[in-house]
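First comes the structure, then the notes that go with it.
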Amino acid sequence: MSVHCVLTSAGRSLSPSCPAVGLLHRLPLLPCSIKRRNMSFRRQMDHLERTALNQRQSAVYPAQVCGIMNESESVKRLRITAHPDFNFKAGQWVDFFIPGVEKVGGFSMCSSPGLLQREGVVELAVKFANHPPARWVHTACALGSQVAMRVGGDFYFDPSPSDPAADLLLVAGGVGINPLYSILSHAADLLPLGRASGGRGCNVGSVHLCYSAKTTEELLFKNPILRVCREFPDKLTCEFHVTQQSADIEPHLQPFVSRGRITQEELRTHVDPQRTLCYLCGPPPMIEAISKTLSALGLPQDRILFEKWW
């Protein structure tokens, strides 16, 4: 694809009045032909370098921040009004372009495609870091801030009605919950559609979330996760893990929280080599350890999908 074609496609998606238009001349041209990421990690790479072989949409769309919430002491959740043509699959991320910030951010959507369809917004949860895009989110982002976004990523859940039902095992560490919360929410959106169509819609199997963080305060989205599990108790379940909690666990969370890391015994309960599809997102050492455990439990490698951000 020529440079002219890429810039023309992106240019049509940007309003001339949007400050993000000035970013167009810096948008990189990237190949898009890999299904899985190499699990080695020798150094921290820039987002665009780290994801250079992932598929990306060609269009870059203007967007506007319409909500900012503190998800935890170190994580801000942005609510962003998206362009009408913007679309994504549950689990994908965006290249996040900020006027005046040279570095490009890489943030997973934590909302579902259904929220985008219903309300025209997407949500990102960004942990504080000294990387310029994350620092901007925490120190300079305001209601009405203009940004631009391009969707990418091979890590997603997007079943069609013709696909056989799969049981999902979602394993998250820290802010790795973001794409998995998107997938969980998407599964919850599909369940009523399947029932209303008499089983002719997307056939969603069971979904179990294993989510580990240092403390319960750092368990992002814990209350909405519990709400959706209560709404579909026959389909959706979760178990939280805390590894450095010294304080007492809140009473309403106690039935769902275990102290210590995710165990092989818990994973074994939710692994069926013929039906289970596992999505992992978290620090690389955690992903590697969980992947080895799942393989030892008989889950084929092509049913273990992972996303690494550290």
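The analysis underlying the following values was restricted to heavy atoms, covering all of them including side chains, and did not include hydrogens, waters or symmetry mates.
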Would the distance check show the side chain of Arg150 and the main-chain N or O of Arg56 forming a donor-acceptor pair, the cut-off being under 3.5 Å?
no

Across all chains, not counting sequence neighbours, the side-chain hydrogen bond (donor to acceptor under 3.5 Å, both in side chains) partners of Asp163 are Ser160

Of all residues at least two apart in sequence or in a different chain, which pass the side chain to side chain contact (heavy atoms under 4.5 Å, CB included) check with Glu250?
Thr216, His252, Leu253

Using only atom types and a distance under 3.5 Å, with no angle test, would you say the side chain of Asp167 pairs donor to acceptor with the backbone of Ser206?
yes

Looking at every heavy atom in both Val204 and Lys235, which two are closest together, and how far apart are they?
O-NZ, 2.8 Å

Would you please name every residue forming a side chain to side chain contact (heavy atoms under 4.5 Å, CB included) with Ser72, sequence neighbours left out?
Ser74, Val75, Glu217, Leu220

How far apart are the closest heavy atoms of Ala187 and Val207, and which atoms are they?
CB-CG2, 4.1 Å

Those residues at least two apart in sequence (or on a different chain) that pass salt bridge (charged side-chain N to carboxylate O under 4.0 Å, His left out) with Glu123 are Arg77, Arg79

Nearest 0.5 Å please: distance from the CG atom of Asn54 over to the CG atom of Leu48.
11.0 Å

Indicate whether any N or O donor in one side chain lies under 3.5 Å from an N or O acceptor in the other, for Asp95 and His47.
yes

Within residues 257-272 or reaching into it, pairs that qualify as salt bridge (charged side-chain N to carboxylate O under 4.0 Å, His left out) - sequence neighbours excluded
none

Taken in chain and number order and not counting sequence neighbours, the residues that satisfy side chain to side chain contact (heavy atoms under 4.5 Å, CB included) with Gln57 are Tyr61, Asn87, Val151

Establish, yes or no, whether a centroid distance under 6.0 Å links the rings of Phe306 and Phe155.
no

Using a 4.5 Å cut-off on heavy atoms from C-beta on, say whether the side chain of Tyr279 contacts that of Leu209.
no

Taking side chain as C-beta onward, heavy atoms only, is Phe157 less than 4.5 Å from Leu168?
yes

Contacts of Ala165 meeting side chain to side chain contact (heavy atoms under 4.5 Å, CB included) (sequence neighbours excluded), chain-then-number -> Asn203, Arg275

When every non-hydrogen atom of Ala90 is compared with those of Ile183, the smallest separation belongs to O-CG1, 3.7 Å

Minimum heavy-atom separation for His208 to Thr237, with atom names?
ND1-OG1, 2.7 Å

Apply salt bridge (charged side-chain N to carboxylate O under 4.0 Å, His left out) to Arg118 and list each qualifying residue two or more places apart in sequence or on a separate chain.
Asp189

Donor-acceptor side-chain pairing of Ser258 and Glu239 below 3.5 angstrom
yes

Could you tell me which non-hydrogen atom of Ala172 sits nearest to which non-hydrogen atom of Ile262, and how far apart they are?
O-CD1, 4.4 Å

Side-chain heavy atoms of Phe97 within contact of Val147, under 4.5 Å:
no

Can a donor-acceptor pair be found, under 3.5 Å and without considering hydrogens, that links the side chain of Lys103 to the backbone of His131?
no

Point-to-point distance, once rounded to the nearest 0.5 Å, from SG of Cys238 to CZ of Arg230:
8.5 Å

Show the numbers, then the answer: is there a side chain to side chain contact (heavy atoms under 4.5 Å, CB included) between Trp93 and Leu124?
CA-CA 9 Å; Trp93 39 258; Leu124 309 175; over 6 Å; no

Verify side-chain hydrogen bond (donor to acceptor under 3.5 Å, both in side chains) between Ser295 and Gln301, making sure each step is shown before the conclusion.
CA-CA 7 Å; Ser295 295; Gln301 284 294 320; 2.4 Å; yes

Set out, in order, the CA-CA distance, both residues' side-chain angles and the distance that settles side chain to side chain contact (heavy atoms under 4.5 Å, CB included) for Leu299 and Cys278, then state yes or no.
CA-CA 9 Å; Leu299 194 61; Cys278 182; 3.9 Å; yes

Could you pull out all residues at least two apart from Lys222 that satisfy salt bridge (charged side-chain N to carboxylate O under 4.0 Å, His left out)?
none

Whether the side chain of Gln92 engages the backbone of Lys89 through a donor-acceptor N/O pair (distance < 3.5 Å, no angle test) should be reported.
yes

Rounded to the nearest 0.5 Å, how far apart are OH of Tyr156 and OG of Ser108?
14.5 Å

Heavy-atom donor-acceptor pair, Ser182 side chain to Asn178 backbone, under 3.5 Å
no

Is there a donor-acceptor pair closer than 3.5 Å between any side-chain N or O of Ser185 and the backbone N or O of Tyr181?
yes

Polar side-chain atom of Arg135 near backbone of Ala129 as donor-acceptor pair, under 3.5 Å:
no

Ala142 backbone acceptor or donor facing Ser145 side chain under 3.5 Å
yes

Would you say Gln264 has more than 12 foreign heavy atoms packed within less than 6.0 Å of its CD?
yes

Tell me whether the centres of the aromatic rings in Phe240 and Phe256 are closer together than 6.0 Å.
no

Evaluate Leu236 against Leu191 for side chain to side chain contact (heavy atoms under 4.5 Å, CB included), listing each step before the verdict.
CA-CA 10 Å; Leu236 310 183; Leu191 284 171; 4.3 Å; yes

To the nearest 0.5 Å, what is the distance between CD1 (Ile287) and CG (Leu294)?
11.5 Å

State, yes or no, whether a side-chain contact exists between Leu277 and Leu169 at a heavy-atom distance under 4.5 Å.
no

Single-linkage hydrophobic cluster, 4.5 Å side-chain cutoff, Val65 and Phe128 together:
no

Do Met69 and Leu143 belong together in a cluster built from hydrophobic side chains that touch within less than 4.5 Å?
no

Residues sharing Leu115's hydrophobic cluster, by side-chain heavy-atom contacts under 4.5 Å among ILVMFWY, directly or via others?
Val121

How far does NE2 of His138 sit from CG of Asn70, to the nearest 0.5 angstrom?
8.5 Å

Can you tell if the side chain of Phe88 reaches within under 4.5 Å of the side chain of Asp158, non-hydrogen atoms only?
no

So, using ring pair (Phe, Tyr, Trp, His ring centres under 6.0 Å) as the criterion, who are the partners of Phe86 when residues are at least two apart?
none

Would you sort out whether Arg50 and Asp46 count as a side chain to side chain contact (heavy atoms under 4.5 Å, CB included), showing the intermediate values?
CA-CA 6 Å; Arg50 185 172 57 243; Asp46 180 81; over 6 Å; no

At what distance, to the nearest 0.5 angstrom, does CG of Leu170 lie from SG of Cys281?
11.0 Å

Under a 4.5 Å cut-off applied to non-hydrogen side-chain atoms, are Leu280 and Ser291 in contact?
yes

Using the ring pair (Phe, Tyr, Trp, His ring centres under 6.0 Å) criterion, which residues pair with His241? Sequence neighbours excluded.
none

Taking every heavy atom of Leu267 against every heavy atom of Cys210, the minimum-distance pair comes out as CD2-SG, 4.3 Å

Side chains of Pro179 and Met109: closer than 4.5 Å at any heavy-atom pair?
no

